[in-house]
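Computed over heavy atoms, backbone and side chain alike; hydrogens, waters and symmetry mates excluded. Just follow the structure's listing: the first ligand is 1, and inside any ligand the first atom is 1.
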Amino acid sequence: MNKISKSIQTGSSPKPVGHQIHYYRQIGSTNDEAFRLAQAGAPHGTALIAEAQTAGKGRMQRIWHSPGGANLYTSVILRPDFEPARAPQIAIAAGVAVARTIDPFCPGRVELKWPNDVLLGGKKVCGILAQMKLSGGAVDFVVLGIGINIHLKRDAFPPDLRDIATSLCLETQKEISRDALSIRLYENLTTWYTTLRDSGFEPVRSAWLGYAPMIGRDVSVRFENEVMTGRAVGIDEEGSLILVAADGKSIKVSAGDATILKKDND
Ligand code: BTN
């Protein structure tokens, strides 16, 4: 596994994300290892970074393509004192933090696709996987896993991803340092987590909606074998997508893959 750890002393509360960072040359999944460290008592704000993952995990039991030296694979441990129903708000706040981190490299181009894909030019550049552990009906910890494609060239993506995934360098033609990007990401995660804790969900939701072209459009959401269709009108306090179906009924969708339905003149 080959691990190096680095800590900075800080008096702030909660401790900033990344005050302690564990680096791994290669690991199965930073989320799995973060889960193990959190269960062993690792504090709020602990971060893990891997050069490569051999079993990177995506949402809905998918694999996250994680070759070495090209991307950011990080997980952070958070210990919120929110009730469990509010925990999905953390993943929404993380989407905003990633969007704010990437935006300076390509102003105005970042989009968020519910629940938490970060897109550039309509292709996925980052995925977020939040996993929660409960204890006695309260949140013990949340592991927030974030994968950002930075340097990957088109040919380095598996063929089935080439038309749907991209990397920061492909989209911006800029040299982007992974270390500088991870520092900005941890700063933004600290900012948006603190906003959520101190000011509630409203400012987070409003920032998220500002990056979400899906809202106001007709969308379909597929979850396993079920497909729901309707006009996307917002996200609720549990991070669920709210659709209004053709018959005017409101549908709350808590998981799935959403797609904007094209109009004839799109
Ligand atoms: C998605 O399916 O969109 C979520 C992808 C999350 C990938 C990241 S990479 C770092 C962390 N470790 C993992 O195994 N998964 C997450």
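- Residue contact check: Ser29 has heavy atoms under 4.0 Å from atoms 12 (N), 13 (C), 14 (O) of ligand 1.
- The local environment of NZ in Lys174 is crowded, with over 12 non-hydrogen atoms from other residues, nucleotides or ligands closer than 6.0 Å.
- In terms of protein heavy-atom proximity, atom 11 (C) of ligand 1 is closest to Thr30 OG1, 3.2 Å.
- For Gln53, the closest heavy-atom approach to ligand 1 falls below 4.0 Å.
- The environment of NZ in Lys124 is crowded: more than 12 heavy-atom neighbours from other residues, nucleotides or ligands sit within 6.0 Å.
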What do the steps show when you test Gln20 against Ser5 for side chain to side chain donor-acceptor pair (under 3.5 Å), and what is the final call? CA-CA 7 Å; Gln20 182 164 46; Ser5 299; 6.0 Å; no
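- The NZ atom of Lys113 sits 11.0 Å away from the CD atom of Glu111 when rounded to the nearest 0.5 Å.
- Where the criterion is an N or O separation shorter than 3.5 Å, residue side chain and backbone included, Thr74 fails it with respect to ligand 1.
- For Met60, the closest heavy-atom approach to ligand 1 does not fall below 4.0 Å.
- The cluster map of Ile, Leu, Val, Met, Phe, Trp and Tyr, joined by side-chain heavy atoms under 4.5 Å apart, puts Ile21 and Val142 in the same cluster.
- In summary, the atoms of ligand 1 found under 4.0 Å from a heavy atom of Gly56, numbered by their order in the structure, are 14 (O).
- For ligand 1, none of its N or O atoms has an N or O atom of Tyr73 under 3.5 Å away.
- Within ligand 1, the atoms closer than 4.0 Å to a non-hydrogen atom of Ile128 are 3 (O), 4 (C), numbered from 1 in the order shown.
- Ion pair Arg178/Glu51 flagged as a salt bridge, since at least one NZ, NE, NH1 or NH2 atom sits closer than 4.0 Å to an Asp/Glu carboxylate oxygen.
- Cluster annotation: Ile251 is connected to Ile215 through the hydrophobic network of ILVMFWY side chains, with a link wherever side-chain heavy atoms come within less than 4.5 Å.
- Given atom 8 (C) of ligand 1, the protein heavy atom at minimum distance is Gly147 N, 3.6 Å.
- The protein non-hydrogen atom at the shortest distance from atom 2 (O) of ligand 1 is Arg59 N, 2.6 Å.
- With ligand atoms numbered from 1 in the order given, ligand 1 contributes 5 (C), 6 (C), 7 (C), 13 (C), 14 (O), 15 (N), 16 (C) to contacts under 4.0 Å with heavy atoms of Lys57.
- Between Asp117 and Lys123, the closest side-chain pair of non-hydrogen atoms is not below 4.5 Å.
- Within ligand 1, counting atoms from 1 as listed, the ones closer than 4.0 Å to a heavy atom of Gly58 are 1 (C), 2 (O), 4 (C), 5 (C).
- No part of Asp32 comes within 4.0 Å of ligand 1, judged by heavy-atom distances.
- Considering both main-chain and side-chain atoms, Trp64 never comes within under 3.5 Å of ligand 1 through any nitrogen or oxygen pair.
- For atom 3 (O) of ligand 1, the closest non-hydrogen atom on the protein side is Lys124 NZ, 2.6 Å.
- Linking Ile, Leu, Val, Met, Phe, Trp and Tyr residues whenever their side-chain heavy atoms come within less than 4.5 Å leaves Leu161 and Leu120 in two separate clusters.
- Placement of Tyr73 and Leu170 in two distinct hydrophobic clusters is found when ILVMFWY residues are connected by side-chain heavy-atom separations under 4.5 Å, directly or transitively.
- At a 4.0 Å heavy-atom cut-off, ligand 1 does not touch Asn116 at all.
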